[in-house]
Every structure is written in C-alpha cells, then in structure tokens.
Amino acid sequence: MKLIVVGAGWAGVAAAYEGARCGFDVTLIERTDMLLGTGLVGGIMRNNGRFTALEEIRAMGVHDLVNVIDQNCLHKNIDFPGHKHASLYDVNKIERAIKTLLCQSNVTIQYQTRINNVNLEDTRIKSVVSDCGETYEGDVFIDTTGTFGPMNFCSKYGNGCSMCIMRCPSFKGRVSVTGLCGIEEMQAKKKDGSIGAMSGSCKLNKDSLNKEIISRLNKEGVAIIPLPKEFIEDHLDIKACQQYALEEYKNNLILLDTGHAKLMTPFYPLEKLRQIPGFENARYIDPYTGGNGNSMRFFAIAPHENNLKVKGIENLLCAGEKAGMVGHTEAIITGILAGYNAKRIINRKALLSFSRETLVGEAIAFTNEQLQTEEGLSKKYTVSGSVLFNRLLECNLYTTDIEEIKKKIKKLDYKL
Ligand SMILES: Cc1cc2nc3c(=O)[nH]c(=O)nc-3n(C[C@H](O)[C@H](O)[C@H](O)COP(=O)(O)OP(=O)(O)OC[C@H]3O[C@@H](n4cnc5c(N)ncnc54)[C@H](O)[C@@H]3O)c2cc1C
C-alpha cells in the first residue's frame, strides 16, 4: 500500500504519521528543505478549543505526535487576551523533533521536490510528477499543499512578497494537487469582499528587544505593551487568524515567546515600532518585510466531504488549510483523519467522518457547511476563536476535562 502525501506542513506531517501507523509505505513530498510549512513560524497550541481537539485525538490513540509537541513547548498553560491555557512550542526546535518522529515511523521524506503534474486515469490519480520529472506512483494521495501565495497572489491581493518562511523565490510557489486534477477550488474572502487573507503575526528577533521585555517573555511567555493612540494601526479585518481580531490586538503590541518574539499583528511599520520604548533596535525575522506586509493565504480550498475525500477524485484526500481550516491543531486533526481514511479507501470501506458529538467532528462538519455559502467564505474557521469556537461553545463541546474527553471517545469506540 503506497501513500503519497504532498506538502509537509502540519497537515502533511500528521497525515504521513497516521498513514505509516496504518501500515502504508508513505512518501511525504515537500518543495522546501524543512518540514512544518507555516508551522515554522507559528507556535500557539492548546488555546481554547484546541486543547479539547488535541486531547480528543490523543484519546483516539494518537499519542506520540501530541507528546512530541508537548515536550517542545517553552510555555504551558498561559493566558492572553481572548485565549486561555495556551502552550507555545519552540519554533527553533520543533522541526527536528518532528523529523525524528517521522523517521522512526519509517516515513520517507522527499525534500526540495515540488509536484507540478498529475497522471490521471478517469477519476483516479495514478502518479504525481515533480518539477524535475520524477514520477511518484501511489494507491492513495493526500493534498496538504496549503493555501499560501504564490508570490503573484501575495502581490495582487496583499502588499507584495513579504519574504516569508515559504521562500517562494528559491523553492518556487505552491502548487495544488487538487487544482492539477482539474477540480475547481474555493477562495476565501476578506470582510470587504476581496480575495485571500493576510497572515496575522510576525516574528521579531527576541534579542533585538530591550532586557525588560526579553525577561518578561522568558518568564511569563507574554508581554502586552499598550500603544499610544497615534501608534494604533488597525489590521484586524484582513487577518487570516480571526480569533485574534479583537480590540486588544489593535490597542496593544502583544508579544508571545515562541523562541522568537511573536508579534500578534500582520505587520507594523518598522520606523514607528522603533519609536516605542524597548523596541529601538527591533528587527523582523519573519517575514523579513514585517514592517510592510505579510504572506497571503486561503486561495485554494479543496471541495471535500466531511471524511476529507476531495470531491470528484476517488483516491485523493485533503487536510489542513486545504480543508478550509486555520491553525496547527486544525491541520493535525484533519491530517490524522485523512491518513486514517487512506486505509479505508484501500480496503473499500466506508470512510470515517468524526461524530458531531466530538469537538473535532463538529469543527470539520460545521466548517464544510459554512464554506458552501458566500457569507461563509468570508469567515475563517479555527477551534480557538471566532465563529467556529462560538459554535462549539453553543454545542457544549469545549472542555478541558481530560477524563470526560476519554470517556466520550471510548463510548464512540474510535481507535485510530
Ligand atoms: C505567520 C503565521 C503564524 C501562524 N501562527 C500560528 C500559531 O501560532 N498557531 C496556529 O495554530 N496556527 C498558526 N498559523 C496558521 C497555521 O500555521 C496554518 O493554518 C497551518 O499550520 C497550516 O498547515 P498546512 O499543513 O495546511 O499548510 P502549510 O503550513 O501551508 O504547509 C503546506 C506545505 O506544502 C508545501 N507545498 C506546497 N505546494 C507543494 C507542491 N506542489 N509540492 C510539494 N510541496 C508543496 C509547502 O512548501 C508547505 O510546506 C500561522 C500562520 C502563519 C503564516
């Protein structure tokens, strides 16, 4: 059984890991030289409903992946505006730890390989082909290529290439497997109706900040610096991560310690930033032009079932931002489900959709329903805030009671 996963962000990593657990010979194909994609500059886990989601997945049997994340956190159980009990992983260390886990799971990782063609037989993919002409045959394929850029989209719908972690000038732009199959994809919209969404945070070099801020970050994980009125910039509506589109994130500089100082705004002019006490020497390290803009995302969501099969192609699944969700945890839960359902495709069994009695099941199904509407395409879906978290609260699915979560999963008899 050969499983080909294209795109090694959190969704691809989780899908490859689960595929290997299910007995597949897995090849994970990545266009850059690192795993984790946008997860290389994120770091926030377990905030609000993400706690429940991760524990539900753990209760289903996904221990090692969750443990590696927990072991690589710099801060645990911290609160910041609108968000409770978050943990922050170390963006400088997590990639190596995940690579080790995948190698132990016998996943073959193919770096610097960009897929740009597919060979189809009716509605089945036979193989995918790289820029260099290498062909990768498989029984099942998972599209986890994300929704960022490419550069011309960042220019057309954002403030230009911001020189972000995706490094398109070197590794070339994102290419969607679903798109290559001729399936029409969905594009998310901003509140004003324009296409895409801007990534919502930047990384400052922690060492470029003053001692007091560094010490607060190291100790507490969070530093909140109120902004004088004339320094306030409003970028809330353009953010991909609508869970942080709260007034506090406009009126303050909110910094989180993820190894770097994660600044919770899409961009902030450098000259202005350097006038704020403590930031006189501030330097952006992701994106390099964090004073001017950020990467653009949500240009290519695959039409899919709640079991994550891409509509119209028999042996293609999707996960992560391709499934319309924002966040590492969201990428992981969908990646795990896609990896699990790959085996069901092989065994010709009905594919699994998580029950809506679980937070993960409701999250995937609700997001999918919303994406079918014009209004729904202008919203963003994360279990940590905004419209989806409100829904989960209404359905009484958010809990931090691990025993309660275990009982529910046991009752549903989910063993992945
Ligand atoms: C600046 C920033 C900060 C963020 N902070 C957080 C945070 O703190 N917490 C959180 O939960 N979420 C955060 N997010 C959101 C989160 O990172 C993403 O929603 C999630 O990680 C997406 O994972 P993914 O695997 O779906 O896609 P991606 O991370 O986009 O990964 C897709 C991968 O596919 C590869 N790829 C694309 N096309 C091809 C191809 N044709 N062939 C081979 N490879 C290909 C790409 O190189 C990439 O590695 C942040 C996002 C950004 C941009």
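Whatever order the structure lists them in is the order used to number ligands and atoms, beginning at 1. All residue numbers in this chain count up from 1 along the given sequence. Since the structure is predicted, the reported quantities are computational estimates derived from the model, not experimental observations.
When non-hydrogen atoms are compared, ligand 1 lies under 4.0 Å from neither the backbone nor the side chain of Lys322. With a heavy-atom cut-off of 4.0 Å, Ser201 touches ligand 1 through backbone and side chain alike. By the criterion of a heavy-atom distance under 4.0 Å, neither the backbone nor the side chain of Phe171 is placed next to ligand 1. Contacts between Ser199 and ligand 1, counted as non-hydrogen atom pairs separated by less than 4.0 Å, involve the side chain only.
For atom 37 (C) of ligand 1, the nearest non-hydrogen atom of the protein is Thr145 O, 3.3 Å. Atom 13 (C) of ligand 1 has its closest protein heavy atom at His328 CE1, 3.4 Å. With respect to atom 23 (O) of ligand 1, the closest heavy atom belonging to the protein is Ala331 CB, 3.7 Å.
When only interatomic distances are considered, the shortest N/O to N/O separation between Thr38 and ligand 1 falls below 3.5 Å. Of the N or O atoms in Arg50, one or more lie within a sub-3.5 Å distance of an N or O in ligand 1. For a threshold of 3.5 Å applied to N or O pairs, the pair formed by Gly146 and ligand 1 contains no separation below that value. For ligand 1, one of its N or O atoms has an N or O atom of Arg31 under 3.5 Å away. Close N/O approach between Gly327 and ligand 1 is found [any backbone or side-chain N/O within under 3.5 Å]. An N or O contact shorter than 3.5 Å links Val175 to ligand 1 by distance. At least one N or O atom of Ile44 sits closer than 3.5 Å to an N or O atom of ligand 1. When only interatomic distances are considered, the shortest N/O to N/O separation between Thr329 and ligand 1 does not fall below 3.5 Å.
Residue-ligand proximity: Met45 is placed with every non-hydrogen atom at 4.0 Å or more from ligand 1. At least one heavy atom of Arg297 sits less than 4.0 Å from an atom of ligand 1. Distances shorter than 4.0 angstrom occur between a heavy atom of Met166 and an atom of ligand 1. Residue contacts with ligand 1: Thr113 is included, with a non-hydrogen atom under 4.0 Å away.
Note on Lys2 versus Asp25: salt bridge recorded, some NZ/NE/NH1/NH2 to OD/OE distance being below 4.0 Å. Salt bridge Asp70/Arg46: present, at least one basic N to carboxylate O contact under 4.0 Å. Salt bridge annotation for Glu185-Arg174: absent, with no cationic side-chain nitrogen under 4.0 angstrom from a carboxylate oxygen. Salt bridge status for Glu95 with Lys99: absent, with no side-chain N to carboxylate O gap under 4.0 Å. Taking 4.0 Å as the cut-off between side-chain N and carboxylate O, Glu212 and Arg216 count as a salt-bridged pair. Using a cut-off of 4.0 Å between Lys/Arg side-chain N and Asp/Glu carboxylate O, Asp131 and Arg31 are scored as not salt-bridged. A salt bridge does not link Glu18 with Lys343: none of the charged nitrogens is closer than 4.0 Å to a carboxylate oxygen.
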Inset, instruction - Please step through side-chain contact (heavy atoms from CB on, under 4.5 Å) for the pair Tyr340 and Val62, ending with a clear verdict. - result: CA-CA 11 Å; Tyr340 179 79; Val62 182; over 6 Å; no
Inset, instruction - Take Leu74 and Lys93, measure what side-chain contact (heavy atoms from CB on, under 4.5 Å) needs, and give me the verdict at the end. - result: CA-CA 10 Å; Leu74 287 166; Lys93 300 215 173 118; over 6 Å; no
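Here is the list of ligand 1 atoms found below 4.0 Å of a heavy atom in Val6: 40 (C), 42 (N), 43 (C). Of all atoms in ligand 1, listed by their number and element, those nearer than 4.0 Å to a heavy atom of Val326 are 19 (O).
A distance-only check finds no donor-acceptor pair linking the side chain of Tyr381 to the backbone of Glu330 [under 3.5 Å].
Closer than 4.0 Å to atom 33 (C) of ligand 1 lies at least one heavy atom of the protein.
Ring centers of His83 and Tyr244: under 6.0 Å apart, within the cut-off.
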